[in-house]
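Data first, discussion second: the structure below is written as structure tokens.
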Amino acid sequence: MQRQVQCRRMSSGRWRREALIRLLWATGYLTITFGTLLSTLLFPDLLQTLRSKTPSIALNDVTIVLSKENMGQTRGLSWKQEQLPHRLLGSSAVTLESEEEEEDSLLEKLWTPPADRSFVPCVKPEPTYSGPGPSQGYLMVSSNGGLNQMRAGICDMVAIARLINATLVIPELDQASFWQDSSNFSDVFDVDYFVKALSNDVTVVRKLPTSMKSEPKVMKAFRSWSNVKYYEEEISRLWQNYKVIKAAKSDSRLANNHLPSEIQKLRCRVHYDALRFAPHIEALGKVLVARMRSAGPYIALHLRYEKDMLAFTGCTYGLSSEEAEELTVIRENTPHWRIKKINATEQRRKGFCPLTPTEVGVFLKSLGYPESTRVYIAAGEIYGGHERMASFLSRFPHVMSKESVATAEELAPFLNHSSQMAALDYIVSVESDVFVPSYSGNMARAVEGHRRFLGHRKTITPDRKELVALFDLLDKGFLEENQELAEVITAMHITRQGAPRKRKGPLKGTKGRDRFRSEEAFYTNPTPDCLCQHPNFDSAHVNYE
């Protein structure tokens, strides 16, 4: 009995000693752990020093930690690590090589177009489509606006001629607008090709026949954004009393949406094929493109910071009082511009103003384009000249234009002809690796649509409203032009690079004619009317912007 008691005491003693040892170990472990955590908080450099004792290589989002035994060797790595090229391991040059490759990859992404999702042009007429019917009379057209405004209007007029069974007379170009260009249709467009390409759609004549000059005529301002019913009923009734109808204006005479498929396809056939530029314009345009491409990829920047655009929009941000006054005078002396009163500050805040050269420079730099990027300025004379471009040039010194890419002799026939000069910019812009418009004017919309039609080439459309808010904070010193700003701007424009998407409908809350006005223009995005998905493509995987 006494021995049992003694054994129990010995066993109890051992248990206490073991418990005490466990407690001491746990206390020691917790003390070391807590001490380490506390020291890294109080002395953050200590953790970095400890980490630096173990060599590591960062590649994208993967970090490989090498033991001393495996430095310079490949055995002992996990299966993920073995996927890396052996040349990446074992020297201080590894990090430099991986950084260079990563930089090359980022640069490549800057020039890579968005996935076209297998969308291809589909503008051929259906088998049941017939040629032009018996002519009811002649349709004459007075085009209005700049080059691309006239181009869109002429395309609409071809479609209207078919709807009302008219013979189309080669349109007159606007020679009395702000640009004062004396060019005729044949000076800007290939008239022979235009007539031939449309022979199965409408009958086109170069001028009104002499026999028709004494026939009754009517000048008519067609209603904007009208549908088929308007032309087939209201306009066609004019044939009862007249043999010649003259359209007073050509722009925005057809609705963007809800038109027959064959009419929409016809508009695309005219815009992207029949309305080809004159041979001398096409020839020099191809030369400019070849010279730009000879040194690698380039950005075509439609820098719409010209005197006429600033006067038209009423935008004066960053200008001197003398410059603002000059633009006001221009606006007041142009009848169809002065009818609308504009608050310059409010105009800019809403994103209705062209970005300034400085703002475009910050924008492109934030997207990641390096200083070595070659930028073709597709525009006329920048208001304020070299002084206003100085900030942009400090970021992107390799700036070119048709005046610098072409020789003086090559450009001489185009001088004083704004439409022909604009046509050269149009060609270089459509063929560029990246197109960036600083304002959503007629040319910007036309080029974007053409690039979509040709395979969704990369077109980065700045979100001017959001950018202006950021630029104002930058000007006030609340933001800095740094990586943080770059990440914000890049994220804002991930879905604004020309990927396939359906044409936007009217803005919410708009009523009446304003609904049609607010729709995305047909020639900005001809999807889905003129671009169809290849039948072998799985449409379930399409993600529209």
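This chain uses plain numbering: 1 for the first residue, then up along the sequence. Source: prediction; values computed, not measured.
- For K458 (side chain) and L110 (main-chain N/O), a donor-acceptor pair under 3.5 Å exists by modelled atom type.
- Of the possible polar contacts, one joining the R451 side chain to the V430 backbone as a donor-acceptor pair under 3.5 Å is found.
- With hydrogens and angles left out, the side-chain atoms of H398 and Y298 include no donor and acceptor closer than 3.5 Å.
- Sorted by first then second residue, the disulfide (SG to SG under 2.5 Å) pairs that include residues 408-496, not counting sequence neighbours, number zero.
- Remark: side-chain polar atoms of R517 are not paired, donor with acceptor, to backbone N or O of W225 under 3.5 angstrom.
- Distance NE2/H302 to OG/S440: 10.0 Å, rounded to 0.5 Å.
- Put simply, CG on L208 and CD1 on I170 are 12.5 Å apart, with the number rounded to the nearest 0.5 Å.
- With a 6.0 Å radius and a threshold of 12 heavy atoms from other residues, nucleotides or ligands, K217 has its NZ atom above the threshold.
- No hydrogens or angles considered: nothing links the side chains of Y523 and N442 as a donor-acceptor pair under 3.5 Å.
- Annotation: H280 is in aromatic contact with F414 [ring centroid separation under 6.0 Å].
- For the residue pair N184 / S186, no side-chain donor-acceptor distance below 3.5 Å is found, with atom types taken as modelled.
- For Y231 and F222, the ring centers are positioned less than 6.0 Å apart.
- The heavy-atom pair separating R452 from T524 by the smallest distance is CD-O, 3.6 Å.
- In this structure, the side chain of Y230 engages the main chain of R223 through a donor-acceptor pair within 3.5 Å.
- In terms of heavy atoms, C353 sits closest to A344 at SG-O, 4.5 Å.
- Ion pair R515/E519 not flagged as a salt bridge, since none of the NZ, NE, NH1 or NH2 atoms sits closer than 4.0 Å to an Asp/Glu carboxylate oxygen.
- The backbone N or O of V123 sits less than 3.5 Å from a side-chain atom of R269, completing a donor-acceptor pair.
- The shortest distance between side-chain heavy atoms of L474 and L485 falls below 4.5 Å.
- The backbone N or O of D425 lies less than 3.5 Å from a partner atom in the side chain of S429, making a donor-acceptor pair.
- Counting heavy-atom neighbours within 6.0 Å of N333 CG, excluding the residue itself, gives a total above 12.
- The shortest side-chain heavy-atom distance between R348 and D472 falls under the 4.5 Å cut-off.
- Taking each heavy atom of V158 and V202 in turn, the nearest pair found is O-CG1, 3.6 Å.
- With a 4.5 Å cut-off on side-chain heavy atoms, V218 and V244 do not count as touching.
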Q | Worked verdict on I299 versus T373 for side-chain contact (heavy atoms from CB on, under 4.5 Å) | A | CA-CA 8 Å; I299 293 175; T373 301; 3.8 Å; yes
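- The number of heavy atoms from other shown groups lying within 6.0 Å of CD (Q180) is above 12.
- Residue N416 holds its CG atom at 8.5 Å from OG of S182, rounded to the nearest 0.5 Å.
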Q: Go through the steps to decide whether M421 and K402 satisfy the test side-chain contact (heavy atoms from CB on, under 4.5 Å), and finish with yes or no.
A: CA-CA 8 Å; M421 296 283 271; K402 53 187 172 294; 3.6 Å; yes
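- With S438 contributing its side chain and R304 its backbone, the two residues share a donor-acceptor pair below 3.5 Å.
- With respect to the salt-bridge test (charged N to carboxylate O, under 4.0 angstrom), the residues E326 and K307 qualify.
- Among K502, R445, K504, R501, the one residue that satisfies the salt bridge (Lys or Arg N to Asp or Glu O under 4.0 Å) test with E520 is R501.
- The distance from the CG atom of L411 to the CG atom of L284 is 6.5 Å, given to the nearest 0.5 Å.
- In this structure, F392 CZ and L303 CG are separated by 7.0 Å, a value rounded to the nearest 0.5 Å.
- Side-chain atoms of T490 do not come within 3.5 Å of backbone N or O of E487 as any donor-acceptor pair.
- Every side chain to side chain contact (heavy atoms under 4.5 Å, CB included) that E323 has, sequence neighbours left out, goes to L319, S320, Y383, R388.
- By the 4.0 Å N-to-carboxylate-O rule, E346 lies close enough to R349 to be salt-bridged with it.
- D187 has its side chain within reach of Q420: a pair of non-hydrogen atoms, C-beta onward, lies under 4.5 Å apart.
- With a 6.0 Å radius and a threshold of 12 heavy atoms from other residues, nucleotides or ligands, E410 has its CD atom above the threshold.
- Remark: the backbone N or O of I330 is paired with a side-chain donor or acceptor of T334 at under 3.5 angstrom.
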**Q.** V362 and F471: CA distance, side-chain angles, deciding distance, side-chain contact (heavy atoms from CB on, under 4.5 Å) verdict
**A.** CA-CA 9 Å; V362 175; F471 293 150; 3.7 Å; yes
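- When only modelled atom types and interatomic distance are considered, D174 and Q149 share no side-chain donor-acceptor pair under 3.5 Å.
- In this structure, the side chain of S143 does not engage the main chain of S250 through any donor-acceptor pair within 3.5 Å.
- Y439 and Y305 have their aromatic ring centers separated by at least 6.0 angstrom.
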**Q.** Chi angles and distances behind the salt bridge (charged side-chain N to carboxylate O under 4.0 Å, His left out) call for R206, D192
**A.** CA-CA 9 Å; R206 296 169 187 270; D192 293 331; 2.2 Å; yes
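- Between V428 and F435 the shortest side-chain heavy-atom distance does not fall below 4.5 Å.
- For the pair R253 and D251, the salt-bridge criterion is met [side-chain N within less than 4.0 Å of a carboxylate O].
- Taking the side chain as every heavy atom from C-beta outward, E282 and R276 approach each other to under 4.5 Å.
- H450 and Y426 have tilted rings, their planes meeting at an angle from 30° to 60° on a 0 to 90° scale.
- At a threshold of 4.0 Å, the pair R464-E359 does not count as salt-bridged, since none of the basic side-chain nitrogens sits closer than that to a carboxylate oxygen.
- Taken to the nearest 0.5 Å, the CE atom of M150 stands 6.5 Å off from the CZ atom of F189.
- Between E466 and R496 no salt bridge is recorded (no basic side-chain N to carboxylate O distance below 4.0 Å).
- The shortest distance between side-chain heavy atoms of Y272 and C155 does not fall below 4.5 Å.
- When the shell of 6.0 Å around CZ of F312 is examined, it contains 12 or fewer heavy atoms from other residues, nucleotides or ligands.
- A salt bridge links R503 with D529: the closest approach of a Lys/Arg side-chain nitrogen to an acidic carboxylate oxygen falls below 4.0 angstrom.
- Proximity of P297 to V434: side-chain heavy atoms (C-beta onward) are nowhere separated by under 4.5 Å.
- Under 4.0 Å is where a charged nitrogen must lie from a carboxylate oxygen, and between E172 and K246 at least one such pair does.
- Annotation: side chain to side chain donor-acceptor pair (under 3.5 Å) contacts of H417 (sequence neighbours excluded): D181, S183.
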Q: For the pair H493 and F363, evaluate side-chain contact (heavy atoms from CB on, under 4.5 Å) and give the outcome as yes or no after the intermediate values.
A: CA-CA 10 Å; H493 293 84; F363 174 66; 3.5 Å; yes
Q) Between R457 and D433, is a salt bridge (charged side-chain N to carboxylate O under 4.0 Å, His left out) present by the stated rule, with each step listed? A) CA-CA 7 Å; R457 297 172 178 177; D433 299 274; over 6 Å; no
